Amino acid sequence: MGYLAQFKGHWRLHRVIEDHRAGTRLIFEGDVSMFDDGEGLTYRESGRWARADWGGLAATRTLLWREDPRGIGVFFGDGRPFHVFEVVRDGVSASGHDCAPDRYDVIYRFHLPMLWEADWRATGPRKDYVSRTRYDRRTEAG
């Protein structure tokens, strides 16, 4: 399972979104389960908006993580390609995704095996926000 094995398991997530266009700050808190699906890992995120106009609203998403010659390929739950990133044990990796007319760029910071972060910057005629997510490995006690 190569690089993917470093992410398998359960993670606690804390996400802060600074929407520059709307002038709002949103907070999402939840959990991520990353489990072997026979082809790689399925990333299943669930949680609640802790700070937003719709506070308490539950949300979920599913991504597929696959081995890639460049590192890890990330796909949307329906199999469409999202982006590829290189895994660096204690370091930084960057990637991006075009969703015309907008652009999404990500910087990953890895402090594996217990922590990793993803900072997304969305820009374009419809988007102008930064989303910062911290993933802490859940242990049996927590």
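Quick caveat: nothing in here was measured; it's all calculated off a predicted structure.
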> In this structure, which one of T139, D136, D31 forms a side-chain hydrogen bond (donor to acceptor under 3.5 Å, both in side chains) with R12?
Replying inline: D31
>> Please check this pair: side chain of R21 against backbone of P125, looking for a donor-acceptor N/O pair closer than 3.5 Å.
In response: yes
> Looking at D68 and G73, what are the two nearest heavy atoms and their distance?
Replying inline: CB-N, 3.7 Å
> More than 12 heavy atoms of other residues, nucleotides or ligands under 6.0 Å from CZ of R70: is that the case?
Replying inline: no
> Which atom names give the shortest non-hydrogen contact between W49 and A59, and what distance separates them?
Replying inline: NE1-CB, 3.9 Å
> Nearest 0.5 Å, what's the NE2-CZ distance between H10 and R138?
Replying inline: 8.5 Å
>> Under 4.0 Å between a side-chain nitrogen and a carboxylate oxygen: does that hold for R121 and D128?
In response: yes
> Do any N or O atoms from the side chain of S95 and from the backbone of V84 form a donor-acceptor pair under 3.5 angstrom?
Replying inline: yes
> What is the distance from atom OG of S33 to atom NZ of K8, rounded to the nearest 0.5 Å?
Replying inline: 10.0 Å
>> Which residue is it: K127, H97, R126? I am looking for the one with a side-chain hydrogen bond (donor to acceptor under 3.5 Å, both in side chains) to D102.
In response: R126
> Between CZ of R134 and CG of D119, what distance do you get to the nearest 0.5 Å?
Replying inline: 11.5 Å
> Can you find a heavy atom in the side chain of E86 that is under 4.5 Å from one in the side chain of Y108?
Replying inline: no
> Counting N and O atoms only, with roles assigned by atom type, does the side chain of D98 sit under 3.5 Å from a partner on the main chain of A100, one being a donor and the other an acceptor?
Replying inline: no
> Can we call the ring centroids of W120 and F82 under 6.0 Å apart?
Replying inline: yes
>> How close do S131 and R15 get, counting heavy atoms only, and between which atoms?
In response: OG-CD, 3.4 Å
> Looking at side-chain heavy atoms only, is the closest gap between I107 and S93 below 4.5 Å?
Replying inline: no
> Mind checking whether L41 and Y43 sit in one hydrophobic cluster, side chains of I, L, V, M, F, W, Y counted as touching below 4.5 Å?
Replying inline: yes
> What orientation do Y135 and W116 show, parallel under 30°, tilted 30 to 60°, or perpendicular over 60°?
Replying inline: parallel
> Can you check side-chain contact (heavy atoms from CB on, under 4.5 Å) on L112 and F7, steps first, answer last?
Replying inline: CA-CA 8 Å; L112 296 167; F7 297 94; 3.9 Å; yes
> With F28, which of L13, I17, V16 fulfils side chain to side chain contact (heavy atoms under 4.5 Å, CB included)?
Replying inline: L13
>> Return the CG to CD1 distance between L64 and I72, rounded to the nearest 0.5 Å.
In response: 13.0 Å
>> Can you give me the closest heavy-atom contact between R25 and I27, atom names plus distance?
In response: NH1-CD1, 3.8 Å
>> Quick check: closest heavy atoms across Y3 and E67, and the distance to 0.1 Å?
In response: N-OE2, 3.3 Å
>> What verdict does the side-chain contact (heavy atoms from CB on, under 4.5 Å) test give for R132 and E117, after you've listed the backbone C-alpha separation in whole Å, the side-chain angles of each residue and the deciding distance to 0.1 Å?
In response: CA-CA 7 Å; R132 293 182 175 90; E117 299 168 302; over 6 Å; no
> Should L115 and M34 be regarded as members of a common hydrophobic cluster, given that ILVMFWY residues are connected when their side-chain heavy atoms come within less than 4.5 Å of each other, either directly or indirectly?
Replying inline: no
>> Could you report the tightest heavy-atom contact between P81 and F75, atom names first, then the distance?
In response: CA-CD2, 3.5 Å
>> Check for me, please, whether L26 and V130 land in the same ILVMFWY cluster - side-chain distances under 4.5 Å, paths through other members count.
In response: no
